[in-house]
Amino acid sequence: MQARQALHGAMAEPASYSFGGVTYPTPEQIEAGLSLTVRWHTKMKIVGERDASDVGFLEGVNRLIFTQPELDALGLTLTRLGEVTIPGYDKVLRLDHTEESDGPLNVYWSVIEL
């Protein structure tokens, strides 16, 4: 778990999350020293290819990785269609669906780039 925390600390970017007219972290949370960071992960997968005679195409799969302790500290429950802004990447991404977690630290969401 320490290795995952170290990886997130080294690779994550500051972000904000908005849903229903509320943005996290709030000014009060920022003043209290709380923050939200995410890792943006993109992978490629082949779609439509069943065997060597089929034609397939590459599809990019975007996802964000959050940490549960940060979400808990902010009192934040992520919701489908919530928007995550990552100023360092000049990106706004919309949460699409959760992905299976691989442990107690990481929270995965597939996203759509806006």
Side-chain angles (χ1 to χ4, degrees):
M1 190 147 123
Q2 288 179 336
R4 288 178 185 233
Q5 288 173 324
L7 173 66
H8 192 82
M11 303 298 290
E13 284 286 319
S16 62
Y17 170 80
S18 300
F19 185 79
V22 180
T23 299
Y24 294 89
T26 65
E28 296 80 16
Q29 290 170 328
I30 293 170
E31 189 173 312
L34 299 175
S35 63
L36 178 65
T37 59
V38 298
R39 293 189 336 258
W40 183 28
H41 182 260
T42 300
K43 65 181 178 178
M44 303 302 280
K45 72 176 185 176
I46 298 175
V47 178
E49 185 177 283
R50 294 174 296 190
D51 59 43
S53 66
D54 283 342
V55 174
F57 62 94
L58 287 176
E59 177 181 52
V61 179
N62 291 314
R63 69 180 182 167
L64 289 178
I65 305 167
F66 300 83
T67 63
Q68 191 62 55
E70 278 187 356
L71 298 175
D72 292 343
L74 293 168
L76 180 54
T77 300
L78 301 171
T79 304
R80 184 175 185 273
L81 304 180
E83 292 185 2
V84 178
T85 301
I86 309 171
Y89 294 152
D90 194 28
K91 297 284 181 194
V92 178
L93 304 158
R94 179 171 291 144
L95 299 183
D96 189 28
H97 64 273
T98 58
E99 295 184 3
E100 189 173 331
S101 180
D102 59 358
L105 183 66
N106 292 334
V107 176
Y108 301 98
W109 276 84
S110 68
V111 294
I112 300 166
E113 190 171 350
L114 300 177

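Because the structure is a prediction, the values reported are computed rather than measured.
- When all heavy atoms are compared, the tightest approach of Tyr17 to Thr77 is OH-O, 4.2 Å.
- Note that CH2 of Trp109 is 12.5 Å distant from CZ of Arg94, once rounded to the nearest 0.5 Å.
- Ile86 and Ala15 get closest at one heavy-atom pair: CG1-CB, 4.3 Å.
- There is a path of hydrophobic side-chain contacts, each under 4.5 Å, that joins Val107 to Leu74.
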Using distance only, find each side-chain donor-acceptor pair of residues 21-28 under 3.5 Å and give its atom names and separation, not counting sequence neighbours.
| unit_1 | atom_1 | unit_2 | atom_2 | d |
| --- | --- | --- | --- | --- |
| Thr23 | OG1 | Ser18 | OG | 3.0 |
| Thr26 | OG1 | Glu28 | OE1 | 3.3 |
| Thr26 | OG1 | Gln29 | N | 3.1 |
| Thr26 | OG1 | Gln29 | OE1 | 3.4 |

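- Leu95 and Val92 fall into different hydrophobic clusters, where Ile, Leu, Val, Met, Phe, Trp and Tyr side chains are chained together by heavy-atom contacts under 4.5 Å.
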Report task. Go through the steps for Thr37 and Glu13 under the test side chain to side chain contact (heavy atoms under 4.5 Å, CB included), then give the verdict. Result -> CA-CA 5 Å; Thr37 59; Glu13 284 286 319; over 6 Å; no
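- Just one residue in the list Arg63, His97, Glu99 forms a side-chain hydrogen bond (donor to acceptor under 3.5 Å, both in side chains) with Ser110, and that residue is His97.
- Considering only heavy atoms from C-beta on, Leu105 comes within 4.5 Å of Pro69 through its side chain.
- The number of heavy-atom neighbours closer than 6.0 Å to CG of Asp72, taken from other residues, nucleotides and ligands shown, is above 12.
- Residues Tyr89 and Val111 fall within the same hydrophobic cluster, defined by Ile, Leu, Val, Met, Phe, Trp and Tyr side chains chained together at heavy-atom separations under 4.5 Å.
- Contact of the Val38 side chain with the Leu93 side chain is not registered, since no non-hydrogen atoms from C-beta on lie closer than 4.5 Å.
- Both Leu36 and Leu34 are assigned to one and the same hydrophobic cluster, defined by single-linkage of ILVMFWY side chains at heavy-atom distances under 4.5 Å.
- Contact annotation: the side chain of Thr79 never approaches that of Leu81 to less than 4.5 Å [non-hydrogen atoms, C-beta and beyond].
- With rounding to the nearest 0.5 Å, the separation of CG in Leu64 from NZ in Lys91 is 12.0 Å.
- Counting all heavy atoms, side chain and backbone alike, Glu113 lies closest to Trp40 at OE1-CZ2, 4.2 Å.
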